[in-house]
Number of protein chains: 2
Amino acid sequence: MRMGRPDAASGASTTIGSALYELATRAVRRLPRDMSLTSAATLATLDRTGPRRITELAVIEGVTQPAMSVLVRVMEESGLVERRSDTSDKRVTLVCLTEAGASYVRERRQAGVQAYAGLIDRLPGDEIEALTAALPALLHLAALESQDREGPKP
Amino acid sequence: MRMGRPDAASGASTTIGSALYELATRAVRRLPRDMSLTSAATLATLDRTGPRRITELAVIEGVTQPAMSVLVRVMEESGLVERRSDTSDKRVTLVCLTEAGASYVRERRQAGVQAYAGLIDRLPGDEIEALTAALPALLHLAALESQDREGPKP
DNA sequence: GGAGATGCATAAAGACTTAATATAAATGCT
DNA sequence: AGCATTTATATTAAGTCTTTATGCATCTCC
């Protein structure tokens with residue numbers, strides 16, 4: 001199947017990619033602004049993957065180490081994360097989500113999902129059905145996206 | 001059809017919304033950082049809708065008027081936009097995309113689309129087919145998203 | 001005509017980021 | 001074992017981006 005993939009399919013990925021790009025870039029403008037996107041993304045990463053080093057988080061989120069160091073300090077002061085030392089390496093700080101942090105991630109995700117759901121509810125039934133059928137593909141894309149940046153779950 | 005929509009469909013919009021939320025929030029971490037997201041979004045808005053007032057752009061992009069005023073000045077200095085007065089109202093500055101600005105939007109969009117396409121190319125054929133079938137729905141969602149913020153094209 | 005509203009520029013302050021730097025700990029080579 | 005090199009992280013300074021506050025010009029409406 002993969003061998004005989006025609007060029008038309010490669011055109012399809014560009015067209016689909018275009019639709020997803022438009023959707024994503026516009027959706028990001030609606031995200032809450034109570035904290036920076038990097039902060040929110042970091043919390044979501046911790047929620048997904050569990051505790052991480054500061055340097056790992058910096059790489060995953062695409063910022064410098066000092067930025068992540070400061071970000072973690074601010075979020076620690078806000079009670080959203082806590083620091084733990086790593087017994088196997090005294091240099092290392094492991095960043096862990098607190099219950100308040102996990103709660104924040106859930107609420108933020110819920111609000112974001114609801115916003116999408118509101119739009120989807122305005123679609124005709126056949127379009128909703130098509131999206132439902134495409135759900136595994138969308139989830140697969142999201143998973144590929146994460147794995148590329150986060151690597152396997154530790 | 002709409003009359004008899006069962007509750008299961010409303011659960012579907014939440015599930016689909018969840019997948020789209022995960023995808024969008026992770027994709028945003030990969031966007032180029034040569035300018036702020038607000039700047040890039042503003043250029044894209046101008047590309048889509050044509051010239052706009054500074055106050056309109058501020059509302060559309062969810063920032064304050066002074067932020068947009070400064071942003072426009074910086075982008076004007078970079079040659080990405082130009083200002084035009086409005087003959088019918090001397091207070092008004094219309095912000096217009098330059099050719100360089102339009103070019104930048106295209107290149108940035110192209111890069112974003114390519115990144116998605118790269119992921120999509122790693123999906124099995126049946127998932128790609130499902131996404132292709134869902135394309136009208138995705139485009140419809142993107143359109144709804146824009147209209148909610150931008151109103152009709154002027 | 002004048003009060004009130006609107007559009008936008010400017011300044012100050014705060015948040016978020018990068019680059020530079022310093023210290024401690026770990027690793028690897030001889 | 002000793003030491004050079006690398007790695008992890010905190011801190012500082014500077015630049016960018018945003019909000020709040022303010023001021024001036026223009027428009028609208030009574």
Side-chain angles (χ1 to χ4, degrees), chain A residues 25 28-46 51-96 104 108 151 154, chain B residues 25 28-46 51-96 104 108 151 154:
Chain A
T25 50
V28 77
R29 305 306 299 161
R30 273 193 297 99
L31 293 173
R33 301 190 180 195
D34 52 341
M35 66 168 63
S36 71
L37 288 179
T38 307
S39 300
T42 302
L43 293 176
T45 296
L46 290 170
R52 290 282 193 165
R53 298 174 175 207
I54 284 174
T55 44
E56 285 180 315
L57 289 172
V59 170
I60 291 170
E61 305 303 341
V63 296
T64 59
Q65 173 267 313
M68 185 55 71
S69 186
V70 170
L71 184 153
V72 166
R73 190 182 69 207
V74 172
M75 289 195 296
E76 185 186 24
E77 285 163 8
S78 304
L80 299 174
V81 304
E82 64 190 7
R83 294 163 182 262
R84 290 192 197 140
S85 54
D86 184 333
T87 49
S88 61
D89 189 334
K90 289 189 205 240
R91 302 170 301 182
V92 170
T93 294
L94 284 176
V95 186
C96 316
Y104 174 81
R108 189 175 166 105
Chain B
T25 50
V28 77
R29 304 310 294 162
R30 272 194 298 99
L31 293 173
R33 302 190 181 194
D34 51 342
M35 67 169 62
S36 72
L37 288 180
T38 307
S39 299
T42 302
L43 293 176
T45 296
L46 290 170
R52 289 282 193 166
R53 298 175 174 207
I54 285 174
T55 43
E56 285 180 312
L57 289 172
V59 170
I60 290 169
E61 304 304 339
V63 298
T64 59
Q65 175 266 314
M68 185 53 72
S69 186
V70 170
L71 183 155
V72 166
R73 190 183 69 208
V74 172
M75 288 194 298
E76 185 187 24
E77 286 162 6
S78 304
L80 299 175
V81 305
E82 64 189 7
R83 293 162 182 264
R84 290 193 197 138
S85 53
D86 184 332
T87 48
S88 60
D89 188 336
K90 290 193 196 208
R91 300 170 301 183
V92 170
T93 294
L94 284 177
V95 185
C96 316
Y104 174 81
R108 189 175 166 106

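Below, chain A is the first sequence line, B the second, and so on; all start at residue 1.
- Here the P atom of nucleotide C:dT18 and the CD1 atom of A:I54 are 15 Å apart, to the nearest Å.
- Summarising the geometry of B:V28 relative to A:L37, their closest heavy-atom pair is CG2-CD1, 4.4 Å, with the distance given to 0.1 Å.
- You'll find that the side chain of A:T64 is closest to C:dT18, out of C:dT18, D:dT18, D:dA10.
- Between the CD atom of B:E77 and the P atom of D:dT16 there is a distance of 11 Å, given to the nearest Å.
- Summary of the strand contacts: A:S88 and A:L37 both lie near DNA chain C, and taking for each the nucleotide with the nearest heavy atom, the more 5' one is attributed to A:L37.
- To the nearest 0.5 Å, atom CZ of residue A:R29 and atom OG1 of residue B:T38 are 3.5 Å apart.
- Rounded to whole Å, the distance from CZ on B:R83 to P on C:dG7 is 16 Å.
- Side-chain N/O atoms of B:R91 and base N/O atoms of C:dT6 include a donor-acceptor pair closer than 3.5 Å.
- Dashed line: the shortest gap from a side-chain N or O of A:R53 to OP1 or OP2 of D:dT7 is not under 4.0 Å.
- Taking 4.0 angstrom as the limit, A:T38 places a side-chain polar atom (N or O) nearer than this to OP1 or OP2 of C:dT17.
- Straight-line distance from the NZ atom of B:K90 to the P atom of C:dA9: 17 Å, rounded to whole Å.
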Yes or no on salt bridge (charged side-chain N to carboxylate O under 4.0 Å, His left out) for A:R108 and A:D34, after CA distance, side-chain angles and deciding distance?
CA-CA 10 Å; A:R108 189 175 166 105; A:D34 52 341; 3.3 Å; yes
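- Of the listed nucleotides (C:dT18, D:dT9, D:dA21), D:dT9 has the atom at the smallest distance from the side chain of A:V92.
- The separation between B:Q65 atom CD and C:dA11 atom P is 14 Å, rounded to whole Å.
- Both A:R33 and A:T93 lie close to DNA chain D; mapped to their nearest nucleotides by heavy-atom distance, the more 5′-ward contact belongs to A:T93.
- For A:D34 and C:dG14, the CG to C1' distance is 16 Å, given to the nearest whole Å.
- Candidate nucleotides D:dT26, C:dT10, D:dT11 were compared by shortest atom distance to the side chain of B:D89, and D:dT26 ranks first.
- Using a 4.0 Å heavy-atom distance criterion, B:S69 is classed as a base contact.
- Within 4.0 Å (heavy atoms only), A:S39 reaches no atom of the nucleic acid at all.
- At whole-Å resolution of the value, CG in B:L31 and P in C:dT17 are 14 Å apart.
- Closest approach of A:M68 to A:I54, counting heavy atoms only: CG-O, 3.5 Å.
- Not a single donor-acceptor pair under 3.5 Å links the side chain of A:R83 to the backbone N or O of A:T93.
- The side chain of B:S36 contributes no N or O atom lying less than 4.0 Å from OP1 or OP2 of D:dT16.
- Between the CZ atom of A:R73 and the P atom of D:dA8 there is a distance of 21 Å, given to the nearest Å.
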